[in-house]
*Asks:* 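Mind having a look at this structure? Questions to follow.
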Amino acid sequence: MTDHVTTHQAADDARNEDILIYLNGQLLPKERAVVSVYDSGFMLGDGVWEGLRLYNGTWAFMDEHLNRLFEAAKAVDIDIGMDRIAVVQALRDTQAANGMQSDAHARLMVTRGIKIRPFQHPDLSQSGPTFTIIMEHSKPSLPRGIRLATVPHMRGLPMTQDPKLNSHSKLNCILACIAAQKAGADEALMLDVHGFVNTTNACNFFIVREGAVWTSTGDYCMNGITRQKVIDLCRAHDIPVFERNFSLVDTYGAQEAFLTGTFGAQTPVIEIDGRPIGDGDMGPVTRRIRGLYQDLIAQVCA
């Protein structure tokens with residue numbers, strides 16, 4: 001199978017060739033928005049990031065996203081070098097410079113900065129952080145649902161690399177995605193350390209069984225903002241929802257499955273390990289949740 005799609009598949013947009021990128025206080029064209037090979041993010045994946053979506057001139061759930069960014073930076077002991085007001089201003093300046101009002105995606109990235117020597121120790125990063133915002137015109141364009149394959153790679157224990165961190169070190173998830181593609185799928189379904197279904201390499205994972213929505217306990221996956229919004233919407237609209245341990249057997253027997261993330265919101269899954277899920281399209285519960293989420297976006301981004 002070669003017709004791979006991804007959960008971040010977007011329509012081509014020629015305007016992205018001329019975007020301006022925020023880099024340490026400057027707005028630069030792509031070809032000039034470069035960092036040193038000594039930057040700790042390039043050299044070691046030493047950094048954290050956050051993604052936001054722009055709807056109707058408003059960055060959806062910006063407070064939650066910035067909370068997560070600052071918490072992650074604190075957890076890995078990186079001083080962003082800007083307070084929250086300055087980060088918001090940088091985001092809005094980049095938006096204005098690119099003339100974006102909707103269907104845009106921003107990736108905020110903070111690394112420990114440039115090292116004086118090419119080695120691991122954080123004290124070798126002495127010039128302050130590197131702060132970047134990449135903002136693109138980005139409208140999801142998915143020709144079909146996602147096909148998943150279960151892989152041996154796990155989202156592990158928090159004392160190794162906490163899966164709740166949006167870190168630049170994504171090699172584990174990249175290897176999981178490669179394994180899934182080698183198996184003929186689009187992306188990877190990853191188990192937790194106990195063998196229960198957990199998450200994918202890029203998104204949070206849900207199934208629907210007999211009208212009820214199931215997702216993992218959240219102990220070993222990204223603390224997804226869209227994930228939590230879906231759980232909250234289910235509870236508010238009398239859709240049974242459970243954060244629980246469940247197995248691949250439970251998953252294969254699901255009537256629906258979907259992924260959640262900032263970019264795609266709710267993305268249907270149509271196949272897992274060669275087993276069809278549903279009828280090859282977005283199921284009725286997923287469709288209802290997607291409608292509720294769109295209503296929420298319209299409310300908060302009016």
*Asks:* Considering only heavy atoms from C-beta outward, does the side chain of Glu136 approach that of Asp13 to under 4.5 Å?
*Replies:*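 No, side chains not in contact.
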
*Asks:* Quick one: closest heavy-atom pair of Met222 and Asn204, and the distance?
*Replies:*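 Looking at all heavy atoms of both residues, the shortest contact is O-ND2, 3.2 Å.
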
*Asks:* Would you say that Lys164 contacts Pro158 through its side chain, given a criterion of any heavy-atom pair below 4.5 Å between the two side chains?
*Replies:*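 Side-chain contact under 4.5 Å: no.
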
*Asks:* If I take atom CG from residue Leu175 and atom NZ from residue Lys182, how far apart are they, to the nearest 0.5 angstrom?
*Replies:*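 That separation rounds to 11.5 Å.
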
*Asks:* When you look at NZ of Lys139, are more than 12 heavy atoms from neighbouring residues, nucleotides or ligands closer to it than 6.0 Å?
*Replies:*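 Open.
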
*Asks:* Please determine whether the number of non-hydrogen atoms from other residues, nucleotides or ligands lying under 6.0 Å from atom CZ of Phe42 exceeds 12.
*Replies:*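 Atom CZ in Phe42 is not crowded, with 12 or fewer foreign heavy atoms closer than 6.0 Å.
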
*Asks:* Can you confirm whether Asp83 is buried at CG, in the sense that more than 12 heavy atoms of other residues, nucleotides or ligands lie under 6.0 Å from that atom?
*Replies:*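 For Asp83, atom CG is crowded (more than 12 foreign heavy atoms under 6.0 Å).
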
*Asks:* How long is the span from the CG atom in Asn56 to the SG atom in Cys301, to the nearest 0.5 Å?
*Replies:*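 The CG atom of Asn56 sits 7.0 Å away from the SG atom of Cys301.
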
*Asks:* Please indicate whether Tyr55 has more than 12 foreign heavy atoms, meaning atoms of other residues, nucleotides or ligands, lying under 6.0 Å from its OH.
*Replies:*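 Result for OH/Tyr55: enclosed.
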
*Asks:* Would Arg227 and Glu243 pass as an ion pair if we require N to O under 4.0 Å?
*Replies:*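 Salt bridge between Arg227 and Glu243, a charged N being under 4.0 Å from a carboxylate O: yes.
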
*Asks:* Between Arg144 and Asp186, does the side-chain contact (heavy atoms from CB on, under 4.5 Å) criterion hold? Intermediate values first, please.
*Replies:* CA-CA 11 Å; Arg144 59 164 172 78; Asp186 301 313; 2.8 Å; yes

*Asks:* Does some side-chain heavy atom of Gln161 sit less than 4.5 Å from a side-chain heavy atom of Asn172?
*Replies:*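 A side-chain contact is absent here, since even the closest heavy-atom pair is not under 4.5 Å.
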
*Asks:* Per the ring pair (Phe, Tyr, Trp, His ring centres under 6.0 Å) rule, what does the pair list look like for residues 88-126, sequence neighbours excluded?
*Replies:*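 Checked against ring pair (Phe, Tyr, Trp, His ring centres under 6.0 Å) - neighbours excluded - the pairs reaching residues 88-126 are His105-Phe263.
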
*Asks:* Got a sec, which residues hit salt bridge (charged side-chain N to carboxylate O under 4.0 Å, His left out) with Lys229, two or more places apart in sequence or on another chain?
*Replies:*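 Per chain and number, Lys229 pairs via salt bridge (charged side-chain N to carboxylate O under 4.0 Å, His left out) with Glu64.
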
*Asks:* Could you go through Asp273 and Tyr252, starting from their C-alpha distance and side-chain angles, then the distance that decides it, and tell me whether this counts as side chain to side chain donor-acceptor pair (under 3.5 Å)?
*Replies:* CA-CA 8 Å; Asp273 295 336; Tyr252 297 151; 2.5 Å; yes

*Asks:* With side chain to side chain donor-acceptor pair (under 3.5 Å) as the criterion, how do Asp295 and Gln299 come out once you've worked through the C-alpha distance, each side chain's angles and the decisive distance to 0.1 Å?
*Replies:* CA-CA 6 Å; Asp295 291 343; Gln299 177 183 343; over 6 Å; no

*Asks:* Is there a side-chain contact between Cys221 and Asn198 (heavy atoms, below 4.5 Å)?
*Replies:*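 Yes, close enough: below the 4.5 Å cut-off.
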
*Asks:* Going from CH2 on Trp59 to CG on Leu52, what distance comes out if it is rounded to the nearest 0.5 angstrom?
*Replies:*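 Answer rounded to 0.5 Å: 6.5 Å.
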
*Asks:* Sort out for me which residue in Val197, Asn245, Asp219 forms a side chain to side chain contact (heavy atoms under 4.5 Å, CB included) with Asp192.
*Replies:*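 Exactly one candidate clears the test, Asn245.
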
*Asks:* To the nearest 0.5 Å, what is the distance between CZ on Arg92 and CD on Gln95?
*Replies:*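 Interatomic distance, Arg92 CZ to Gln95 CD, rounded to 0.5 Å: 8.0 Å.
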
*Asks:* Given Leu189, which partner from the list Asn201, Thr150, Ile146, Val151 fulfils the side chain to side chain contact (heavy atoms under 4.5 Å, CB included) test?
*Replies:*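 The passing option is Thr150.
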
*Asks:* Indicate the atoms forming the closest heavy-atom contact of Pro129 with Asp79, along with that distance.
*Replies:*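 Looking at all heavy atoms of both residues, the shortest contact is CG-O, 3.1 Å.
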
*Asks:* Should Met154 and Leu248 be regarded as members of a common hydrophobic cluster, given that ILVMFWY residues are connected when their side-chain heavy atoms come within less than 4.5 Å of each other, either directly or indirectly?
*Replies:*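 They do not share one cluster, since no chain of ILVMFWY contacts under 4.5 Å joins Met154 to Leu248.
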
*Asks:* State, to 0.1 Å, how close Ala176 and Ala188 come at their nearest heavy-atom pair, and which atoms those are.
*Replies:*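 So the minimum-distance heavy-atom pair works out to O-CB, 3.2 Å.
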
*Asks:* Verify the neighbour count for atom CZ of Arg84: are there more than 12 heavy atoms of other residues, nucleotides or ligands below 6.0 Å?
*Replies:*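 More than 12 heavy atoms, drawn from other residues, nucleotides or ligands, come within 6.0 Å of this atom.
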
*Asks:* So, for Ile19 and Met135, which heavy atoms are closest and what is the spacing to 0.1 Å?
*Replies:*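 Result for this residue pair: CD1-O, 3.5 Å.
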
*Asks:* Using side-chain heavy atoms (C-beta onward) and a distance below 4.5 Å, is Thr217 in contact with Phe196?
*Replies:*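 No, their side chains stay 4.5 Å or more apart.
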
*Asks:* Would you say that more than 12 heavy atoms from the other residues, nucleotides or ligands in this model lie under 6.0 Å from the CG of Asp77, or not?
*Replies:*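 Atom CG in Asp77 is not packed in, count stays at 12 or less.
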
*Asks:* Heavy atoms, side chains only, cut-off 4.5 Å: are Arg155 and Cys173 in contact?
*Replies:*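 They are in contact (side-chain heavy atoms under 4.5 Å apart), so the answer is yes.
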
*Asks:* Measuring only between side-chain heavy atoms, which start at C-beta, is Arg107 closer than 4.5 Å to Ile21?
*Replies:*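 They are not in contact (no side-chain heavy atoms under 4.5 Å apart), so the answer is no.
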
*Asks:* Please report the interatomic distance CZ(Arg112) to CD1(Ile78), rounded to the nearest 0.5 Å.
*Replies:*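 One gets 4.5 Å once the value is rounded to the nearest 0.5 Å.
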
*Asks:* Salt bridge between Arg244 and Asp250, side-chain N to carboxylate O under 4.0 Å?
*Replies:*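 No, Arg244 and Asp250 are not salt-bridged.
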
*Asks:* So, taking the atom named CG in Asp279 and the one named CD in Glu256, what distance separates them when rounded to the nearest 0.5 Å?
*Replies:*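 So the gap between those two atoms works out to 8.5 Å.
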
*Asks:* State, yes or no, whether a side-chain contact exists between Arg53 and Asp103 at a heavy-atom distance under 4.5 Å.
*Replies:*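 The answer is yes; the side chains approach within 4.5 Å.
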
*Asks:* Of the non-hydrogen atoms in Ala106 and Ile133, which two are nearest, and what is the gap between them?
*Replies:*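 Heavy-atom minimum between the residues: CB-CG2, 4.4 Å.
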
*Asks:* Where do Asp232 and Gln228 land on the side chain to side chain donor-acceptor pair (under 3.5 Å) test, with the steps shown first?
*Replies:* CA-CA 6 Å; Asp232 293 344; Gln228 189 60 53; 2.9 Å; yes

*Asks:* I'd like to know if Met82 and Leu91 are part of one continuous hydrophobic network [Ile/Leu/Val/Met/Phe/Trp/Tyr, side-chain heavy atoms within less than 4.5 Å].
*Replies:*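 Yes, because Leu91 and Met82 connect within a single hydrophobic cluster, where side-chain heavy atoms sit under 4.5 Å apart.
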
